[in-house]
Amino acid sequence: MSKVAGRNSRAPPRKPNGERIVRFRCGFYNTILDVFRARNWIQVTDEGEWDIYWCDVSWMREVFDHCYMDENSRICHFRNHYELTRKNLMVKNFKRFRKQLERESGKLEAAKCDFFPPSFELPTEYHMFVEEFKKYPNATWIMKPAAKSQGKGIFLFKKLKDIVDWKKNSVYKPQVQDNSEKDPVEIYVVCRYIDDPYLVGGRKFDIRFYVLVLSYTPLKVWLYREGFARFSGSRYSMESLEDQFVHLTNVAIQKNAPEYDPDKDCKWNFAKLRRFMTAKHGAERVAEMMRAIDELVIYSLKSVQKIIINDKHCFELYGYDVLVDRNLKPWLLEVNASPSLTASSPQDYEMKFALLDDMCSVLDLENKLTGKEKRIGGFDLLWNDGPVFVNDGGVEFTAAPNLVANSFLGCKNDRTKQLKQLYKQAAICKKTAAA
């Protein structure tokens with residue numbers, strides 16, 4: 001293996017109180033860089049030694065396997081994160097995991113994975129898709145490029161003839177294994193379209209929230225309290241399948257709509273959405289929806305748990321995109337390994353800054369915490385090799401009807417006050433342990 005600039009060869013420097021002096025390298029000029037600097041971490045050049053590197057996915061592919069790192073150094077991606085974040089691989093892994101659950105635990109347990117609609121990879125599963133299509137002749141379907149984001153290349157259709165041109169195009173035909181050079185096949189995923197979304201003011205929305213995974217073996221998952229709903233700028237209707245401004249809520253799409261108003265930002269924070277739904281449907285129904293979202297997160301991560309290359313240096317901040325239908329059932333749309341950290345408004349910047357700052361607190365590179373915390377700022381420990389519950393006895397692994405999951409998505413986030421108390425308690429615990 002070759003050596004690369006930025007590898008660590010010596011123990012990191014420390015302050016007199018034992019806190020580590022954190023050195024960082026960052027490949028982005030957005031909110032994450034602001035957070036690192038606000039924490040008074042030291043930025044290093046390409047040749048400097050670092051404790052955390054916020055890299056892009058191309059660096060993981062090209063350099064990670066040849067990089068020697070210190071025991072406590074951290075990287076912001078897992079080596080093969082794409083098993084969950086690339087649409088076609090996500091679908092493949094979900095299907096495999098659901099079949100595995102049905103074999104090992106029965107149909108009742110496998111039914112908990114019913115959080116994504118019938119989906120197929122094209123062109124390789126085209127014939128399987130056609131069979132499913134014929135079962136539901138009145139259904140609407142949505143096509144998505146497997147490796148694109150921000151709504152690029154997405155379209156809806158109701159008839160097979162609508163994708164004849166797509167199927168005939170030589171670019172999308174399965175390649176023949178020979179020595180001739182051909183353009184690579186662009187893979188698509190086709191899913192049954194959720195045509196009965198929950199509407200607010202007649203407008204469709206999806207939800208973005210954040211999940212921090214520190215390890216896959218064992219699985220350790222933190223769920224952030226805040227997130228946001230992204231609304232379309234046009235009233236929902238199935239009359240025009242070609243109108244992306246009606247059906248796609250991506251900001252990259254909506255900002256090109258004729259009636260788009262950048263001052264309105266087309267977003268609600270998750271707390272506002274939860275209050276709205278609670279007022280309309282009652283606390284118990286909304287709590288049931290939130291429990292379903294918790295299960296969606298855990299089962300999606302379990303579907304790739306044995307496939308992801310676990311490494312103690314790696315962590316991942318995922319951006320989950322979920323759609324809620326009119327029955328308050330959540331559907332997983334996709335999982336993002338590089339969720340946008342560029343703010344679209346002052347409120348968006350404030351939320352993302354707090355998110356990333358709390359993420360750094362969870363990573364605890366300064367060595368200020370005890371490692372037994374169940375809440376750090378806006379992050380709550382959802383899973384630690386088993387479900388985590390709200391009680392005074394620490395982490396529990398045996399579920400019971402009276403135990404409440406340690407999940408507070410859309411709830412109050414008094415992060416500044418909580419962190420202040422947490423660090424004070426941790427300092428006392430460490431001082432007592434050292435005495």
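Reckoned from all heavy atoms, side chains included, excluding hydrogens, waters and symmetry mates.
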Do the side chains of [X] and [Y] get close enough for a salt bridge, i.e. N-O under 4.0 angstrom?
X: Glu83; Y: Arg86; answer: no
X: Lys368; Y: Asp364; answer: no
X: Arg225; Y: Asp380; answer: yes
X: Glu71; Y: Lys312; answer: yes
X: Arg291; Y: Glu284; answer: yes

[X] and [Y]: aromatic ring centres closer than 6.0 Å?
X: Tyr193; Y: Trp141; value: no
X: Phe94; Y: Phe115; value: yes
X: His247; Y: Tyr236; value: yes
X: Phe276; Y: Trp268; value: yes

How many angstroms lie between atom [atom1] of [X] and atom [atom2] of [Y], to the nearest 0.5 angstrom?
X: Ser407; Y: Asp294; atom1: OG; atom2: CG; result: 3.5 Å
X: Ile308; Y: Ser303; atom1: CD1; atom2: OG; result: 8.5 Å
X: Leu273; Y: Thr278; atom1: CG; atom2: OG1; result: 9.0 Å
X: Lys372; Y: Asn384; atom1: NZ; atom2: CG; result: 12.5 Å
X: Arg415; Y: Tyr224; atom1: CZ; atom2: OH; result: 5.0 Å

- Starting from the C-alpha separation in whole Å, work towards a yes-or-no answer on ring pair (Phe, Tyr, Trp, His ring centres under 6.0 Å) for Tyr198 and His281. CA-CA 12 Å; Tyr198 190 96; His281 303 285; 5.4 Å; yes
Are [X] and [Y] side-chain neighbours, meaning at least one heavy-atom pair lies under 4.5 Å?
X: Phe120; Y: Val189; answer: no
X: Phe78; Y: Val213; answer: yes
X: Trp331; Y: Val324; answer: no
X: Leu89; Y: Leu84; answer: no
X: Cys113; Y: Phe97; answer: yes
X: His77; Y: Phe64; answer: no
X: Ser73; Y: Ile52; answer: no
X: Asn269; Y: Glu226; answer: no

- Task: Check step by step if side chain to side chain contact (heavy atoms under 4.5 Å, CB included) holds for Trp59 and Val57.
- Result: CA-CA 5 Å; Trp59 188 93; Val57 293; over 6 Å; no
- Query: Which heavy atom of Val35 sits nearest a heavy atom of Leu356, and at what distance?
  - Reply: CG2-CB, 3.8 Å
- Phe28 and its side-chain contact (heavy atoms from CB on, under 4.5 Å) partner, picked from Leu33, Thr342, Asp56, Leu341: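 So the option named by the test is Asp56.
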- Using distance alone, with no hydrogens and no angle criterion, decide if Asp51 and Asn72 have a side-chain donor and acceptor under 3.5 Å apart. no
- Task: State, without any angle test, whether Tyr299 and Glu109 hold a side-chain donor-acceptor pair at a distance under 3.5 Å.
- Result: yes
- Message: Ring-plane angle category for Phe379 and Trp222, please: parallel below 30°, perpendicular beyond 60°, tilted otherwise.
- Response: perpendicular
- Evaluate the ring planes of Phe353 and Tyr349, with Trp represented by its six-membered ring, and classify them as parallel (under 30°), tilted (30 to 60°) or perpendicular (over 60°). tilted
- Show your working on ring pair (Phe, Tyr, Trp, His ring centres under 6.0 Å) between Phe36 and Trp41 and close with a plain yes or no. CA-CA 6 Å; Phe36 287 167; Trp41 290 359; 5.2 Å; yes
[X] to [Y] six-membered ring, cation-pi geometry met (6.0 Å, 45°):
X: Arg203; Y: Phe231; answer: no
X: Lys267; Y: Phe228; answer: yes
X: Lys374; Y: Phe389; answer: no
X: Arg230; Y: Phe205; answer: no

- Query: Would you say Glu350 has more than 12 foreign heavy atoms packed within less than 6.0 Å of its CD?
  - Reply: no
- Query: Would you say Gln43 has more than 12 foreign heavy atoms packed within less than 6.0 Å of its CD?
  - Reply: yes
- Message: Can you tell me which residue among Glu121, Glu125, Glu102 is in a salt bridge (charged side-chain N to carboxylate O under 4.0 Å, His left out) with Lys95?
- Response: Glu125
- Under the salt bridge (Lys or Arg N to Asp or Glu O under 4.0 Å) rule, what do Asp311 and Arg79 come out as? Steps first, then yes or no, please. CA-CA 8 Å; Asp311 189 294; Arg79 177 64 180 83; over 6 Å; no
- Start with the C-alpha gap between Lys112 and Leu101, add the side-chain angles, then the distance that decides, and say whether side chain to side chain contact (heavy atoms under 4.5 Å, CB included) holds. CA-CA 10 Å; Lys112 294 180 180 179; Leu101 278 180; over 6 Å; no
- Evaluation steps, side chain to side chain contact (heavy atoms under 4.5 Å, CB included), between Asp114 and Arg98: CA-CA 9 Å; Asp114 185 27; Arg98 186 159 58 186; 4.2 Å; yes
- Item | salt bridge (Lys or Arg N to Asp or Glu O under 4.0 Å) assessment of Arg39 paired with Asp357 | CA-CA 8 Å; Arg39 295 178 74 92; Asp357 193 36; 2.6 Å; yes
- Task: Show your working on salt bridge (Lys or Arg N to Asp or Glu O under 4.0 Å) between Asp348 and Arg208 and close with a plain yes or no.
- Result: CA-CA 12 Å; Asp348 194 42; Arg208 162 66 61 85; over 6 Å; no
